[in-house]
Chemist: 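Okay, handing you the structure first.
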Amino acid sequence: QLQVVESGGGLVQPGGSLRLSCVTSGFFLDYYAVVWFRQAPGKEREGVSFIGLSDRDTDYVDSVKGRFTISKDNAKNTVYLQMNSLKPEDTAVYYCAAKAGISGGLEAWNRARYQEIWGQGTLVTISS
């Protein structure tokens, strides 16, 4: 069974940090790209960060550049999202999704019409 499971969300004060984890199973992460998405209340879901087959192939939405870092450990079948300098507007449910064989960033992900594997999400709340 192809599966991804997110964890690491929580309540953090503005300026704080969190690290989200996306544990994959049922497929080889080496051959899959992963995107972290988020959806805030009343807003559309947006792709936040992308990591391709190579861990050097990363991409970020402008609003998180310089604050968020995506990485992966293929041996642990896990993708991480390190989030620093968090802002109230980062509050959302964060989801990870995997798709086979994608390189080239968030736009490449959106163009590729392949099967996507989604998790249930983890809630991140930034509030004082």
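Heavy-atom basis, side chains included; hydrogens, waters and symmetry copies ignored. Not measured: the values here are computed from a predicted model.
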Chemist: Measure the NZ-CZ distance between K99 and F27 for me, rounded to the nearest 0.5 Å.
Modeler: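 K99 NZ to F27 CZ: 13.0 Å, rounded to 0.5 Å.
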
Chemist: Using every non-hydrogen atom in the two residues, find where W36 and I70 come nearest and quote the distance to one decimal.
Modeler: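 What the structure gives for the nearest pair is CD1-CD1, 3.6 Å.
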
Chemist: Measuring from L53:CG to I102:CD1, what's the distance to the nearest 0.5 Å?
Modeler: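 Answer rounded to 0.5 Å: 8.0 Å.
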
Chemist: Which residue, V34, L81, V61, forms the side chain to side chain contact (heavy atoms under 4.5 Å, CB included) with S49?
Modeler: L81

Chemist: Show me the pairs that pass disulfide bond (SG atoms under 2.5 Å apart) and involve residues 12-79, at least two apart or across chains.
Modeler: C22-C96

Chemist: In chain order, what residues pass the side-chain hydrogen bond (donor to acceptor under 3.5 Å, both in side chains) check against R45, with sequence neighbours excluded?
Modeler: none

Chemist: Within the side chain of T24, is there an N or O that forms a donor-acceptor pair under 3.5 Å with the backbone of N77?
Modeler: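 Side chain of T24 to backbone of N77, a donor-acceptor pair under 3.5 Å: yes, one is there.
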
Chemist: Is Q39 atom CD crowded by more than 12 heavy atoms from other residues, nucleotides or ligands, each under 6.0 Å away?
Modeler: yes

Chemist: Can you pull out every salt bridge (Lys or Arg N to Asp or Glu O under 4.0 Å) where at least one residue sits in residues 55-66? Sequence neighbours excluded, please.
Modeler: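 Residue pairs passing salt bridge (Lys or Arg N to Asp or Glu O under 4.0 Å), neighbours aside: D62-K65.
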
Chemist: State, to 0.1 Å, how close A98 and W109 come at their nearest heavy-atom pair, and which atoms those are.
Modeler: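 Shortest heavy-atom separation between A98 and W109 comes out as C-CH2, 3.5 Å.
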
Chemist: Suppose the criterion is disulfide bond (SG atoms under 2.5 Å apart): which pairs have a residue in residues 97-128, not counting sequence neighbours?
Modeler: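 For residues 97-128, and leaving out neighbouring residues, there are no disulfide bond (SG atoms under 2.5 Å apart) pairs at all.
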
Chemist: Return each pair, listed once, that meets ring pair (Phe, Tyr, Trp, His ring centres under 6.0 Å) where at least one residue sits in residues 54-76; pairs must be two or more places apart or across chains.
Modeler: none

Chemist: For D90, enumerate each residue passing the side-chain hydrogen bond (donor to acceptor under 3.5 Å, both in side chains) test, keeping only those at least two apart in sequence or located in another chain.
Modeler: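 In terms of side-chain hydrogen bond (donor to acceptor under 3.5 Å, both in side chains), with neighbours along the sequence ignored, D90 is linked to R38, R67.
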
Chemist: For R113, check side-chain contact (heavy atoms from CB on, under 4.5 Å) against everything at least two apart and list the hits.
Modeler: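 side-chain contact (heavy atoms from CB on, under 4.5 Å) list for R113, sorted by chain: empty.
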
Chemist: Please tell me whether V35 and V4 are part of a single hydrophobic cluster in this structure, the criterion being side-chain heavy atoms less than 4.5 Å apart.
Modeler: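 Per the 4.5 Å side-chain linkage, V35 and V4 are not co-clustered.
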
Chemist: Below 4.5 Å, heavy atoms only, C-beta onward: do V12 and V124 meet side chain to side chain?
Modeler: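 Answer no - side chains too far apart.
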
Chemist: Give a yes or no on whether the backbone of I51 and the side-chain of K72 come within a donor-acceptor separation of less than 3.5 Å.
Modeler: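 Not a single qualifying donor-acceptor pair exists.
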
Chemist: Got a sec, which pairs hit side-chain hydrogen bond (donor to acceptor under 3.5 Å, both in side chains) with one end in residues 118-128, sequence neighbours left out?
Modeler: E116-W118

Chemist: Could you tell me if the side chain of T69 sits less than 4.5 Å from the side chain of T58, heavy atoms only?
Modeler: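 T58 does not reach T69 side chain to side chain.
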
Chemist: Can you name the residues that form a side-chain contact (heavy atoms from CB on, under 4.5 Å) with D73, not counting sequence neighbours?
Modeler: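 By the side-chain contact (heavy atoms from CB on, under 4.5 Å) rule, D73 matches A75, K76, Y80.
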
Chemist: Hey, could you give me the CZ/CG distance between R111 and L106, rounded to the nearest 0.5 Å?
Modeler: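 The CZ atom of R111 sits 10.5 Å away from the CG atom of L106.
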
Chemist: Where do A108 and S103 come nearest, in terms of heavy atoms and distance?
Modeler: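 The answer is CB-O, 3.1 Å.
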
Chemist: So, for Y114 and A100, which heavy atoms are closest and what is the spacing to 0.1 Å?
Modeler: CD1-O, 3.5 Å

Chemist: Mind checking the NZ-OG spacing from K87 to S63? Nearest 0.5 Å is all I need.
Modeler: 8.0 Å

Chemist: For the residue pair E6 and L20, establish whether any side-chain heavy-atom pair is separated by less than 4.5 Å.
Modeler: no

Chemist: Are V79 and V64 connected in the hydrophobic side-chain network, where two residues link if heavy atoms are under 4.5 Å apart?
Modeler: yes

Chemist: Which residues satisfy the side-chain hydrogen bond (donor to acceptor under 3.5 Å, both in side chains) test with Q82, sequence neighbours excluded?
Modeler: N84

Chemist: Mind listing the closest non-hydrogen atom pair of S85 and S17 along with its distance?
Modeler: N-OG, 4.4 Å

Chemist: Can you give me the closest heavy-atom contact between A33 and F50, atom names plus distance?
Modeler: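 Minimum heavy-atom contact is CB-CE1, 3.7 Å.
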
Chemist: According to side-chain contact (heavy atoms from CB on, under 4.5 Å), who are the partners of Q3, at least two apart in sequence or on a separate chain?
Modeler: V5, S25

Chemist: My understanding is that only residues two or more places apart in sequence, or in another chain, count here; which of them pass salt bridge (Lys or Arg N to Asp or Glu O under 4.0 Å) with K43?
Modeler: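 Partners of K43 by the salt bridge (Lys or Arg N to Asp or Glu O under 4.0 Å) criterion come out as none, since no residue qualifies.
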
Chemist: Supply the atom-to-atom distance Y32 OH to L2 CG, rounded to the nearest 0.5 angstrom.
Modeler: 5.5 Å

